[in-house]
Amino acid sequence: MNVKTRIAPSPTGRFHIGTARTALFNYLYAKKTGGCFCIRIEDTDKERSKVEYETEILEGLAWLGLEADEFVRQSERAPRHAELLQRLIDEGKAYISDELSHERAFDTIDRPRRDMNKVMNLRTQVIRLKNPGKEITFRDEIRGDITFDTTELGDFVIARSISDPLYHFAVVVDDMDMGITHVIRGEDHISNTPRQILIQGALGAPRPIYAHLPLILNEKRAKMSKRSGDTVAIMDYRAEGLLPEAFNNYLALLGWNPGDEREYFTLPELCEAFSLERVQRSGGVWNREKLLSVNQHWMREMDDAMFAKEVHGMGDFDIDSIHKVVSLLKERAHTFKEAHDMLEADLRCLFEEPALDRTALVKKEPVDRAGLTKIALSELKAHITSLADDATADDAKSALMPYADAEEEKGKGGRGAVLWPLRYALSGQERSPDPFTLIALLGKGDTLRRIDAALALLS
RNA sequence: GGCCUCAUCGUCUAACGGCUAGGACGGCGCCCUUUCACGGCGCAAAUCGGGGUUCGAUUCCCCGUGAGGUCACCA
C-alpha cells in the first residue's frame, strides 16, 4: 500500500505546538514508509478563517522543514462537496431539515413573546445525515479497538447548506478523494471518529487507518492551550531563538521513543527511526527546560558563521564582534535570545571599557589588600608585556599560571589573590569568562590598558 | 454528568512474564575554577490502590481511584 498522510490545520488561529507535532508525526510516518505527506488547509469556516493564520501556519511548517508533497485548500473543493452532499440527499442518506436556526432559537428563548411572523422568519434549513444508529468499532494503531454507540449522536448536522459543508463532512470527502491512507491526529479527535465513519458509510468511502496521538499537556496536566496561558505559538519560540532542529527533536521524543537510548535526532534520522508502534499512549507534559537543553545541543552543532548570524538577528550587535565570542556563547546560551542578552551582560566587558570599583578590586577579607593587589597586578603586567601580540588563552594561561601557583605555595591569598584582581581588572564584573580568555579576546594592548586603569585606582 | 482514553523517578521515557527497575532533562553533592559557564564524577528520585492468573508480575485480567479528552449549524 502506498501510504499517504496529511496535516489538516484550520486557519482560525496561530500555528500551534500541537499542530506542529501532529504534522511532524504524519511527515515522519510518510517518509519512513516512502509515502506522501500532504498539507490541507481546512478553511470551511468562512467566518473564522483568516489568511494571516494560513500564512503563519505555512511558514511555520516550512520553518520546521516539513515539506509537503501535495497542497490543498479545502475551500477550493466546494463544488465537489456540494456534489456529494446532493448525492447523499438524492439517495435518501441525508436530508434537509427545517428548523430554528441555532443562534436565533437561542434569541427566541430570551424573548419568548415574539409574534408568529417573526418566529416563522427564524426558520432555517440544515442538512443532517440519516444515522443508522449502530455500534461502531474502529481500530486505532496506537490504542487498539475503540467502540462507540452512535445512536446517541442522532441525525447530526453535516452542512449548513448545500454549499456550506461542516468539518466532518469535508474531512471525509477530502480524505477519500485525496486517497489518504492514514489519519494521524490528536487524541482529542477520537470522539469525532465514529461520526466520520458514519459519513464514510453513506458515501461508500474506504476507512483509513487511524492513529490518535497523545496530547501535549501543560504543567497542570491539561491540554496545552493559549486560553490556559501556555505559550503555544511556534513562531513565538522561533522569535526567541529556538532552532527547528530542536523543535522536531523535542516534539518527536515527547510521545515517542526510538527503543534505544539515543536522545538527539536530526529530521532525517527521525524519519529513519520512526514507527507508530513506539508512540506513547498517555499524554506528555511540556517541559521547557528539556526543550532548552535540546536546543542548546543543536546550537552547539551549528557552524560558527551561522551561529553568529542568528545571534546578530536577535538585535543590532556587530556581526564581527559576535564572531569573536561564538565559542563562549555556545557554551553558555540555550537560545539565541539568551546569547544576544549575554553580549550585554556577562560578556559586556569585551565590548566596552569596564567601570572599576576599588572595593571590588581589592575584595577579600580580612585586611586591606590594596597593597598585595597592587603588587600582583604589577607582576602580572610584566608577564603580559612579554606575551606575543596574538597570544591565545592557552598562551596566557601558561605564562601567568606559574606565578599564580607560586602565590598559592606561599599561602596568603593563594591563586585567588592574583587571579581575582586580574579578572576583575579586565572585566569589572562579578561574573565573566576566565581571565585568560579575556586576555586573548581583548588583545595585549587593551589588556595592559585595563590593568593600568586598575593600578591607577590603587594609587 | 454520559461516552471515550490513559496510568513507571518532579518531567520525557526503557525494561520477550524472570534485573540491584535503565537512560535523559531537572535537582543535589564533589572535582575542575577563589567569578560565571562548560566539563568530569557521584547521589537522591518511580512501577496509583485492591483483588486475581502464575513458580514468578512494571508487564496479563477484573474492580476501584486518579488524570485527561469529548459531548456545536468550530475545526
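Here the structure is a predicted model, which means the values were calculated and not measured. Below, read A as the first sequence line, B as the second, and so on, with proteins coming before strands; counting in each chain starts at 1.
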Is a salt bridge present between A/Lys226 and A/Asp230, judged by a nitrogen-to-oxygen distance below 4.0 Å?
-> no
Do A/Arg48 and A/Asp43 sit within salt-bridge range, that is, some charged N less than 4.0 Å from a carboxylate O?
-> no
On RNA chain B, check which nucleotide each of A/Lys220 and A/Met401 is closest to and give me the residue with the more 5' one.
-> A/Met401
If each of A/Arg128 and A/Gln296 is mapped to the nucleotide of RNA chain B with the nearest heavy atom, which maps nearer the 5' terminus, i.e. the 5' end?
-> A/Gln296
Across all strands, who's sitting opposite [N] as a Watson-Crick or G-U wobble pair, both distances under 3.5 Å?
N	result
B/rA7	B/rU65
B/rG2	B/rU70
B/rC32	none
B/rU47	none
B/rC16	none
B/rU58	none

Using only side-chain N and O atoms of A/Thr44, determine if any of them is under 4.0 Å from OP1 or OP2 of B/rC74.
-> no
Phosphate contact (B/rU33 OP1 or OP2) by A/Arg423 side-chain N/O below 4.0 Å | no
Please report the distance, rounded to the nearest Å, between [atom1] in [X] and [atom2] in [N].
X	N	atom1	atom2	result
A/Lys223	B/rC4	NZ	P	19 Å
A/Asp175	B/rA75	CG	P	15 Å
A/Leu153	B/rG2	CG	P	18 Å

Please check if the distance between the ring centroids of [X] and [Y] is under 6.0 Å.
X	Y	answer
A/Phe37	A/Tyr29	no
A/Trp256	A/Phe274	yes
A/Phe15	A/Tyr53	no
A/Trp298	A/Phe336	no

Summary of protein contacts for nucleotides 5-14 of chain B, nucleotide by nucleotide, where a base hit scores B, a sugar-phosphate-only hit scores S (4.0 Å, heavy atoms) = SSS---SBSS
Distance-only donor-acceptor test, A/Asn192 side-chain atoms vs B/rA75 base atoms, 3.5 Å | yes
From [options], pick the nucleotide closest to the side chain of [X]?
X	options	answer
A/Asp188	B/rC74, B/rG69, B/rU35	B/rG69
A/Trp420	B/rG69, B/rU35, B/rC25	B/rU35
A/Glu331	B/rC73, B/rA37, B/rC36	B/rA37
A/Arg160	B/rC73, B/rG69, B/rC38	B/rC73
A/Asp346	B/rC73, B/rC36, B/rU35	B/rC36

Counting the atoms with a prime plus P, OP1 and OP2 as sugar-phosphate, which does [X] contact under 4.0 Å by heavy atoms, base, sugar-phosphate, or nothing?
X	result
A/Lys330	nothing
A/Arg185	nothing
A/Val157	sugar-phosphate
A/Glu430	base
A/His212	nothing

Check side chain to side chain contact (heavy atoms under 4.5 Å, CB included) between A/Ala399 and all other residues, then give those that pass, not counting sequence neighbours.
-> A/Leu387
Any cation-pi pair here, A/Arg423 with A/Trp420, using under 6.0 Å and within 45°?
-> yes
